[in-house]
Amino acid sequence: MCSYKAKLVSNTNGAVRAPLLERRNNADAAGLFLRSKTTDDEPKPGPSPSLSPRLKLLNKSKSFSYSVVEYEAGSIAAARREEVASFHERRRMRIAHYGRTAAAKPSKAAPPTPPQASHVSEKRCTFITPNSDPIYVAYHDEEWGVPVHNDEKLFELLVLTGAQVGSDWTAVLKKRQDFRDAFSGFDVEVVSKYSEKKMIAISSQYCIQLSHVRGAVDNAKRILQIWDEVGSVDKYLWGFVNEKAIATAYKVSNKIPVKTSKSETISKDMVRRGFRQVGPTVIHSFMQAAGLTNDHLLTCPRHSQILHLHSLHQN
């Protein structure tokens with residue numbers, strides 16, 4: 001086994017200095033700022049060289065440990081402590097100069113406050129927002145959910161809800177007048193007689209998909225059959241809900257379904273009769289528009305107003 005003996009080094013004045021390895025070890029121990037507990041019966045340390053710390057050697061249960069007790073004013077550890085204290089003071093002053101604090105942490109920027117809507121709009125259905133198009137807001141406030149019993153009006157809503165597929169109500173409402181002009185004010189008898197040439201011309205002139213035009217013409221023919229069989233579209237459709245609108249009680253918009261068992265029942269019967277573009281989702285949207293179901297939220301003032309309209313019609 002190799003052994004190493006540290007040799008004392010003397011300077012030109014004859015003073016004894018601790019070997020280089022011992023001084024490095026002492027400096028490392030000083031940097032840790034360790035201090036161990038001692039008892040009164042432990043022997044006090046004797047004098048040590050002037051440039052090295054004075055250490056205590058503890059002997060408890062035959063275990064040995066070194067601990068730093070104190071340092072002379074001019075020792076390496078004292079100089080190191082002064083240097084660290086000076087560094088932290090400069091850093092604190094630098095941080096204070098930039099208006100920051102040591103505990104400051106970057107925080108996420110607060111989201112911008114949305115524009116405040118009017119008191120009335122805050123009570124509307126939540127899918128009506130401050131950014132909603134005025135034509136859509138007016139439709140919600142004046143038409144959506146209002147009970148419809150006129151056959152031509154029901155035919156119009158059926159065509160509009162079919163055209164909404166792949167689009168949205170705002171875009172359809174903006175083209176509402178074009179639909180009315182294209183389908184002769186939704187005169188069922190006139191539309192049912194449109195020829196293929198007429199349908200192609202309407203599609204080109206009013207930028208309405210040809211499939212929608214053909215679907216509207218076919219549905220007009222089916223309505224004529226309902227007139228012969230039932231008497232009116234009003235009687236046919238409202239018979240599915242026993243002449244009484246379905247009153248829902250939704251509190252949030254995301255709870256409103258896109259289709260229901262009732263819309264599936266109506267859709268199946270209309271498909272059986274030869275109607276086109278009358279899937280369960282389209283029919284549910286049609287029921288909302290025609291007032292067969294009142295899907296305004298409970299917090300929306302239109303909910304109670306439409307209930308009142310239904311009660312007036314039944315009386």
Point to revise | Cys207 SG to Ile202 CD1 distance, which is reported to the nearest 0.5 Å | key: 13.0 Å
Point to revise | Joint hydrophobic cluster, Val282 plus Phe179, side-chain heavy atoms closer than 4.5 Å | key: no
Review point. If you measure from CG on Asp234 to CG on Asn150, what distance do you get to the nearest 0.5 Å?
Key: 8.5 Å
Exercise for review: Indicate if Tyr139 and Ile256 have the same hydrophobic cluster label, given that clusters are the connected sets of ILVMFWY residues with side-chain heavy-atom separations under 4.5 angstrom.
Suggested key: no
Review point. Looking at Leu210 and Met199, what are the two nearest heavy atoms and their distance?
Key: CD1-O, 3.7 Å
Review point. Is a side-chain donor or acceptor of Asp218 paired with a backbone partner of Gly274 at a separation under 3.5 angstrom?
Key: no
Point to revise | Full working for side chain to side chain donor-acceptor pair (under 3.5 Å) between Asn131 and Thr129 | key: CA-CA 5 Å; Asn131 297 325; Thr129 68; 4.9 Å; no
**Study point:** Minimum heavy-atom distance His140-Cys125, with the two atoms named
**Key:** NE2-SG, 3.4 Å
Review point. Looking only at heavy atoms, which two atoms of Ala245 and Gly291 are closest? And how far apart?
Key: CB-O, 3.3 Å
Check your understanding: Should the pair Asp269-Arg273 be classified as a salt bridge under the 4.0 Å nitrogen-to-oxygen rule?
Key -> yes
Practice item. Run the numbers on Asp141 and Arg124 for side-chain contact (heavy atoms from CB on, under 4.5 Å), then give the verdict. Key: CA-CA 8 Å; Asp141 293 348; Arg124 290 189 181 105; 2.8 Å; yes
Practice item. Determine whether Val278 and Val165 fall in the same hydrophobic cluster, where Ile, Leu, Val, Met, Phe, Trp and Tyr are linked whenever their side-chain heavy atoms lie under 4.5 Å apart. Key: no
Check your understanding: Does Val233 offer a backbone N or O that forms a donor-acceptor pair with the side chain of Asp151 under 3.5 Å?
Key -> yes
Check your understanding: Do Leu237 and Phe286 come within less than 4.5 Å of each other through their side chains, counting heavy atoms only?
Key -> yes
Study note, to complete from the structure: Contacts satisfying side-chain hydrogen bond (donor to acceptor under 3.5 Å, both in side chains) that involve residues 251-267 (not counting sequence neighbours) are Thr126-Ser253
Check your understanding: Can you check whether Glu196 reaches Ile200 side chain to side chain, under 4.5 Å on heavy atoms?
Key -> yes
Check your understanding: Does the side-chain contact (heavy atoms from CB on, under 4.5 Å) test come out yes or no for Arg272 and Lys268, once each step is laid out?
Key -> CA-CA 6 Å; Arg272 179 182 63 83; Lys268 288 179 181 179; over 6 Å; no
Practice item. Can you measure from OG1 (Thr293) to NE2 (His284) and round to the nearest 0.5 angstrom? Key: 6.0 Å
Exercise for review: Look at the side chain of Asp133 and the backbone N and O of Ile135, then say whether any donor-acceptor pair between them is shorter than 3.5 Å.
Suggested key: yes
Exercise for review: Hey, can you tell me if Phe155 and Phe186 have their rings parallel, tilted or perpendicular (30° and 60° cut-offs)?
Suggested key: perpendicular
Review point. Are Trp227 and Tyr194 connected in a single hydrophobic cluster, I mean Ile/Leu/Val/Met/Phe/Trp/Tyr linked by side-chain heavy atoms less than 4.5 Å apart?
Key: yes
Point to revise | Glu243 and Lys235 ion-paired at < 4.0 Å | key: no
Practice item. List in chain and number order the residues that pass side-chain contact (heavy atoms from CB on, under 4.5 Å) with Ala138, two or more places apart in sequence or in another chain; answer none if no residue qualifies. Key: Glu142
Review point. Taking the six-membered ring for Trp, are Phe275 and Tyr236 parallel (under 30°), tilted (30 to 60°) or perpendicular (over 60°)?
Key: parallel
Check your understanding: Rounded to the nearest 0.5 Å, what separation is found between the CG atom of Leu158 and the NZ atom of Lys153?
Key -> 13.0 Å
Point to revise | Flag side-chain contact, heavy atom, 4.5 Å: Asn219 against Val159 | key: no
**Study point:** Option passing ring-ring contact (aromatic ring centres under 6.0 Å, His included) with Phe127 (candidates Trp169, Tyr250, Trp144)
**Key:** Trp144
Practice item. Would you indicate whether the side-chain heavy atoms of Met270 and Arg222 approach each other to under 4.5 Å? Key: no
Check your understanding: In Å, rounded to the nearest 0.5 Å, how long is the span from CD of Gln205 to NZ of Lys198?
Key -> 7.5 Å
Review point. Honestly curious: do Phe183 and Val148 fall in one hydrophobic cluster under the side-chain, below-4.5 Å linking rule?
Key: yes
Review point. Ignoring hydrogens and geometry, is there a side-chain-to-backbone donor-acceptor pair from Ser167 to Gln164 under 3.5 Å?
Key: no
Exercise for review: Kindly give the heavy-atom pair with the smallest separation between Val191 and Ala216, and that separation in Å.
Suggested key: CG1-O, 4.1 Å
Review point. OG1/Thr248 to CG/Asn294 distance, rounded to the nearest 0.5 angstrom?
Key: 5.5 Å
**Study point:** Crowding at CD, Gln305 (>12 non-hydrogen neighbours, <6.0 Å)
**Key:** yes
Revision key, fill the gap. Taking every heavy atom of Thr161 against every heavy atom of Ser285, the minimum-distance pair comes out as CG2-OG, 3.9 Å
Check your understanding: Do the side chain of Lys175 and the main chain of Tyr206 share a donor and acceptor less than 3.5 angstrom apart?
Key -> yes
Practice item. Grab the two heavy atoms, one from Val137 and one from Ser132, that are nearest each other, plus how far apart they are. Key: CG2-CB, 3.8 Å
**Study point:** Side chain His303, main chain His296, donor-acceptor under 3.5 Å
**Key:** yes
Point to revise | Side chain Ser203, main chain Gln209, donor-acceptor under 3.5 Å | key: no
